[in-house]
Structures are given as structure tokens and as C-alpha cells.
Colleague: 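Dropping a structure here in C-alpha cells format, bear with me for questions.
Throughout, protein chains are lettered first and strands after them, A, B, ... in sequence-line order, and every chain is numbered starting at 1. Everything numeric in this text was worked out from a predicted model, so none of it was measured.
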There are 2 protein chains.
Amino acid sequence: MAVTIHDVARLAGVNSSTVSRVINGKATISPDTKERVYAAMRELDYHPNSLARSLASGLSGAIGVVVDARDAEAFSNVFFSRSLFAIEHAAQVRGYQVIIANGAQSRGGTVENLMKEHKVDGLILPPTTVKPALMETIGDFPYVVLGTPDTLRSETCWVDNNNEQGAEMAVQHLSKMGYCQIAYLGGYQKRGFTRRRVRGYKNANQGCEIIFPTDGTSENAFAAALEALKKENHPDAFVCNDNLAAYGLLKACRELHLSVPQEIGIVAFDNYPLAEYMDPPLTIVDIDTAMLGEQSAQLLFRRIENRVGIQQIMLSTNLVIRASSERKAK
Amino acid sequence: MAVTIHDVARLAGVNSSTVSRVINGKATISPDTKERVYAAMRELDYHPNSLARSLASGLSGAIGVVVDARDAEAFSNVFFSRSLFAIEHAAQVRGYQVIIANGAQSRGGTVENLMKEHKVDGLILPPTTVKPALMETIGDFPYVVLGTPDTLRSETCWVDNNNEQGAEMAVQHLSKMGYCQIAYLGGYQKRGFTRRRVRGYKNANQGCEIIFPTDGTSENAFAAALEALKKENHPDAFVCNDNLAAYGLLKACRELHLSVPQEIGIVAFDNYPLAEYMDPPLTIVDIDTAMLGEQSAQLLFRRIENRVGIQQIMLSTNLVIRASSERKAK
DNA sequence: TTGACTTGTGCAACCGCTTGCACTATGGAT
DNA sequence: ATCCATAGTGCAAGCGGTTGCACAAGTCAA
């Protein structure tokens, strides 16, 4: 059927093991033989069967990327899938294949399946999967968590963006722009990253914490903001947990005829495609999802090659300053 | 190292071929033996090595999903990656593994690599890869294009949403709402789906075509809309190629104090997360990316199992009516 | 010239599983 | 009692590579 290493060997007049060595380049082969083998491979359009290769060598040359997509449209997926491209790219460069699997709907066997049946060389996992039981079965198999796990933080290997620092930056920026009553709007407190953002906000905003948690929807943020802004001594700036919250806030400001950024300053997390087209354009704590993916893949490769131990990488976030926080008159 | 089929066989007191047959269930095995084998598998925590399985059986149990992510943030990717989850889900249900690969940065070998080296059983491809040369190497290997290819439309196997019908629906809806000068805004004409949307627009809007192509950015749409709306006899409704164009248009309306939907009606393609929070909320031609992914995977499985020939599936789009097109007074 | 290495290649076992073929019981049908 | 299906299982040859070991030929110092 398909061309095998033996066909190539026959044509080149050598043994198949020689062809194998030429392909893998980890033995000294005479230039002459090498050339004949290459010629034969070209002539026959030979493609090594990676299945057979993996089986014999014990290395699959694949990594598994587990996603946790309970709710298909949740932001976390967009977030994860954006990183996915970067992961794929890094993998391709290193000659690795990327297998994706959804850990949410299957009954927990995803990771085991990937490790034991598919023999991937390493795994990239979402923070939600980090539970003692799983870590038990993982043992010292190479993996990297993309995001900060809620538990076992210091014993696991992960890469995340620094949400805490992002929130601090946002507060500092707002206060530098002259806003003095900075509130935090939005965020579902069960999410680890939200809690970290809120913590950063608190750190930088010592003494005057005003937090309006929401259910994550824009309407809810609108309602919360509306109520907050109607009060006498209302905040003059908000750090928003995401773009949806910011949008609700913008709407509330419009409704109350409060001008942004003159009267109300806004900084929001995450750079949605429309953020820069809002009115006014939103100042954003941007998360470099591509870098996140890239770094997690690189760390995983280092772990696979056993060059590093358990390690955590915290990437800093970027403040993209746009009109929503640029008070003109101080 | 790992538990093999032989270990199980030994423990169960049978030959390894019997264990194999129990696993695959395609031979008659006595209930007694079967039970002993299952017990042994459980006791040893046996996981079949899928690599060896694929090699021996000639079926990899994997499908390859090729993405074309030149520009990491382009909409097409978001679009594709949303479908990806649905594809993964369908694959998981059928026991298939999903391998993703980016076809853009590699020098064209992605598909060959997946087919010949990784022995995937089928492929899901982006429309951009459909070129005569590739179709040549693909031959009658099972594949499905996710989107409508620009060439070889009737000879290839694809699944797409009906952009043409979507645009027609948009026009009909606007005209039913009492708008009579309906224009088309936005769209990069090189993109096949844009051309199809424009064609649908033209079909439904016979005789009075007003088209404002843009470079795809919101600013450009803003400028184009502003200019168009300043004219005496300007359009009173727009079908927008995407949410960004709609956003530019909304901004232009605000600038010119034209009320939406009273004076200007808007329908836009694609349901961005913020679309329903815009002011006013946008009426949308929604594309069911999950269904698109699901259908393409299902079609691929049918092809893999050789149950159907070349086939095209056109999914209809949904109109999500919101305030931006609901003129109150006629 | 000899002995000790190095270099280049072949041999054959093995990776873990599948599957065609052969063989033994077993249960009717005749 | 004889013959024939048929169910249930084992044997062994692959699937397409990798790799430890063996060995011939060549290099070089003594």
C-alpha cells in the first residue's frame, strides 16, 4: 500500500535500519549512502509512518491540550482557543503534534486517556482540572496548567498572566489621572482570576474599597453602575472586570449624562475587538493570549525534555491607554 | 513498563488474541472468558495503546482539523475555533481524536503530513486550502471543507452557512419594517463569504444597490457611513458585513444625530458578545458556528465510513431581531 | 606488522496490537 | 452412529518502524 522504509532501503540498496538512521540522523552514515537514501526517499515520495515510529521509539511526538468547555461560548474558551494557536505554532516548530480534547463533558477520563492510551508526551491543562485526584494520576508526567490553579498553586506547574498586577496598574493609572474614588465593577467571585483581580485592586486602592460584583452580564453591570452612580458621593472611576461590565457602565453613564472620561474614568480587563471602537474607546488591561500559549508550550517542552522541575511563570499584563481614562482637565 | 495485552492475557489465562477480540467485540467469545478478561483488565488498570492499535489495524481513529491562521486575531479564526469545540465534541462521541494543525505558516505540507505521516482518517479543511494541487494529492481521501471554497465548489465536499440567504433575509426584514433605501456597508471583497453576502443583498434588493465596501475596520466603516449619510438622499437602512462595520455606522449616526432605528435601520452579520449590548441592541444575522462544526464532523464521519459521496451542506442562518431594526412608527 | 579504535552497516528482536487460518469441542440433523 | 455447522480459542505473521549488538573495513600509533 504505502511506501515503507523497506521499499526505500531496497531502492537505495541498503538495510532498512540504515534508512532509519538516516532519517533520525543520530548515527554516522557515509555521505554517499545518505545521498542514495535521500534520493530513494524522494523518488518514492516516502513519508515515515509516525504511528510506527512512536510505537517503536516510545515517543509519540504529540502533546495534548485539554480544554474545559462546559459552556461553549464562555470567555474562558475564547481565551483558551486564542492561546491554542500559539501553542500549535510552538508545537509545530518543535515537530510536535497537537491533540485537543474537551475535559468537561467526558467523565474525567480525558487526561488518563491522553496519557495512557494516546501516549502524548505532555499535557496542557486548564486550571479547573487541577484537583488532588488528578495530580495523583498525573504523577510526574510532564504537564503545564494554563492559568493559575485554585489549589496546589505552589506544587503545580503553571503559566498565567498577572491579574493582580494588572488590577494594580489599572488603579494606579486611574489615580495618576486624577481620579480619587476608584471602584471595582463586575466579576463572578467564584472564578479564580476574578478574585485575583479584585485582590490587586484592593492592594492598590488601600482604604477605600468599593466593589460591585455582578453576575457577569452587561445588564447586571448596567444596573449596578446605575445605582452606584445615582448616589450623592459616587465613585469617579471604575476598574471593570471585563468588557461587558464596562459596556454596562458606559450605558449607565450615558443615561445619567455623566461624561467619560471627564466625570467618570474607566479601565477594563480584556481587549475585545470592539473595545477600541467604543465611545469613548476603552482603556484596557490587555492579556497577551498568544504569549501565554507560547510560554506554556515552551515550558511544557522543557519539562518533557526534563530540563526543569516544577515551575511557575507569571506574565505581566499591558495597559493599553485609550480615551476612557484620560481626563483632560485635572 | 506499561501494562500490555499480554499481561492481561496471562492473568486471565487466555491468549492475547482473545483479549484483543474481547476489546474489539467483533468475535464470539464465551461470556465466561469475557468476564475473566474484563476482570483482569480492571485489576491491572489496563489501557490499550492506541498507537499500536492504529498501526496494526490501519485505522488511526483520529481526524485532522486544519486551520488557516495567518493573522492570529482575524475573525475567521474565532469563527473556526468556535466550530472546533463542536467538532471535538462530535469526534469524542464517536471515539475519534482531534489533531489540529495550522496550514498557514507551514509550507503547504500540513495536509500531506496529516494524511501520510499521521495517518488521520479524515480531514476538516478551511476553504482557503482548496486549490487544484491540493485536491490532486487528496484524491478521494475523506475530507470536508468548513466554508464554501472559492473554486471547485461543486466537486468538493463542504459545509457552510448560507450567507446569501442571510443577506436576503436581512434585506427583506428591513423592507418589511418600512425601510426603503437599503444599503450594504463593509466587507472585504476578496473574501468569498463577503461576496456571497453582497450577492444575497443584491438579489433581494433588486434595482437599487448601494454598496460601501470598506477595508474591514470600524473606522473605515465610520468614515464611509458618515459620508454616505451626509448626502441629501441617503439610505435609511444598512446591512452590515459584520459587527465592526455596524459599530462604525452607529457612531456615524450618533455624530449626525440620526436616530436608530427611527431614522436608520441596521442589521449586521455575526453575533459578537457585545452586539446585544449596543445602543440600540443590534439585529443580527447569526451564524450557528456550533452547528457548523457539528455538521462538518458528521459529514466527515459519513465520508470516512464511505456512506456518502461528495456532498455539500448549506445551513441556513438565523435572524435575531433586536432594536436596531425595529422602527416604531411606520 | 600488530593491536586498539573508530566508522559504517547489517541482523534480528521488539514496540503492542490485529487478524487470517487452523483446530477442537459441541450440538443438531440425518 | 455419522457428518456438518458453528462457536470459541490459539498460533503466528504481520503493521512500519527503532535499536542493541555484531562485524568488516579503515585509521593510526607503536
Colleague: Rounded to the nearest angstrom, tell me the gap between atom CD in A:Glu35 and atom P in C:dG8.
Modeller: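 It is 16 Å, rounded to the nearest whole Å.
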
Colleague: Which parts of nucleotides 4-14 of chain D does protein reach within less than 4.0 Å, heavy atoms only, written one letter per nucleotide 5' to 3' as B for base, S for sugar-phosphate only and - for none?
Modeller: ---SSBBBB-B

Colleague: Give the rounded distance in Å between these two atoms: CG of B:Asp7 and C1' of C:dC17.
Modeller: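 After rounding, the gap between these two atoms is 13 Å.
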
Colleague: Do A:Asp45 and A:His47 pair up side chain to side chain, a donor and an acceptor below 3.5 Å, judged on atom types alone?
Modeller: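 There is such a pair (donor and acceptor under 3.5 Å, judged by atom type) between the side chains of A:Asp45 and A:His47.
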
Colleague: In plain terms, say whether A:Glu305 and A:Arg94 are close enough for a salt bridge, that is, a side-chain N and a carboxylate O under 4.0 Å apart.
Modeller: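 Between A:Arg94 and A:Glu305 there is a salt bridge, with a charged N closer than 4.0 Å to a carboxylate O.
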
Colleague: Using a strict threshold of under 4.0 Å (side-chain N to carboxylate O), is an ion pair present between B:Asp150 and B:Arg196?
Modeller: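 Here B:Arg196 pairs with B:Asp150 in a salt bridge, since their nearest N and O are under 4.0 Å apart.
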
Colleague: Using the C1' atoms of the five pairs at each end, what is the angle between the end axes of the helix from C:dT1-D:dA30 to C:dT30-D:dA1, to 10°?
Modeller: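 Axis angle across the helix from C:dT1-D:dA30 to C:dT30-D:dA1, nearest 10°: 40°.
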
Colleague: Once you round it to whole Å, what is the distance between C1' of C:dT18 and CG of B:Leu59?
Modeller: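 Roughly 11 Å, once rounded to whole Å.
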
Colleague: Return the value, rounded to whole Å, for the distance between atom NZ of A:Lys116 and atom P of C:dC15.
Modeller: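 Nearest whole value for this atom pair: 20 Å.
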
Colleague: On a heavy-atom basis, which atom in B:Leu44 and which in B:Val3 lie closest, and how many Å separate them?
Modeller: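 Minimum heavy-atom separation between B:Leu44 and B:Val3: O-CG2, 3.5 Å.
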
Colleague: Could you check how far CG of A:Asn24 sits from P of D:dG16, rounded to whole Å?
Modeller: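 Taking atom P of D:dG16 as the reference, CG of A:Asn24 is at 17 Å.
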
Colleague: Which comes earlier along DNA chain D counting from the 5' end, the contact point of A:Arg53 or that of B:Leu55, where each point is its nearest nucleotide?
Modeller: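 Comparing both residues, the 5'-ward one is B:Leu55.
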
Colleague: Go through the side-chain N and O atoms of B:His89 and B:Glu294 and say whether any donor and acceptor fall under 3.5 Å apart.
Modeller: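 There is no such pair between these side chains.
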
Colleague: Between the side chains of A:Asp32 and A:Ser30, is a donor N or O closer than 3.5 angstrom to an acceptor N or O?
Modeller: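 There is no such pair (donor and acceptor under 3.5 Å, judged by atom type) between the side chains of A:Asp32 and A:Ser30.
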
Colleague: Would you mind reading off the distance between A:Arg10 atom CZ and C:dG10 atom P, rounded to a whole angstrom?
Modeller: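 Those two atoms, CZ and P, are 14 Å apart.
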
Colleague: Going by an N to O cut-off under 4.0 Å, is there a salt bridge joining A:Asp121 and A:Arg303?
Modeller: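 The answer is no: the pair does not qualify as a salt bridge.
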
Colleague: Roughly how far, to the nearest 0.5 Å, is CG of B:Asn161 from CG of B:Asp288?
Modeller: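 Output value for this atom pair is 9.0 Å.
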
Colleague: Residues from residues 43-51 of chain B sitting under 4.0 Å of DNA chain D, heavy atoms only?
Modeller: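 Contacting residues: none.
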
Colleague: Is the distance from OP1 or OP2 of D:dG17 to the nearest side-chain N or O of A:Ser20 less than 4.0 Å?
Modeller: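 So the side-chain polar atoms of A:Ser20 never come under 4.0 Å of the phosphate oxygens OP1 or OP2 of D:dG17.
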
Colleague: Cut-off 3.5 Å, side chains only: do A:Asn15 and A:Arg10 have a donor facing an acceptor?
Modeller: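 Note: A:Asn15 and A:Arg10 side chains miss the donor-acceptor criterion.
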
Colleague: In Å and rounded to the nearest 0.5 Å, what is the CZ to CD1 distance from A:Arg36 to A:Ile29?
Modeller: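 Going from CZ on A:Arg36 over to CD1 on A:Ile29, the span is 11.0 Å.
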
Colleague: For a quick test of reading the model, state the closest non-hydrogen atom pair linking A:Lys119 to A:Ser60 and the distance between them.
Modeller: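 Looking at all heavy atoms of both residues, the shortest contact is O-OG, 2.6 Å.
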
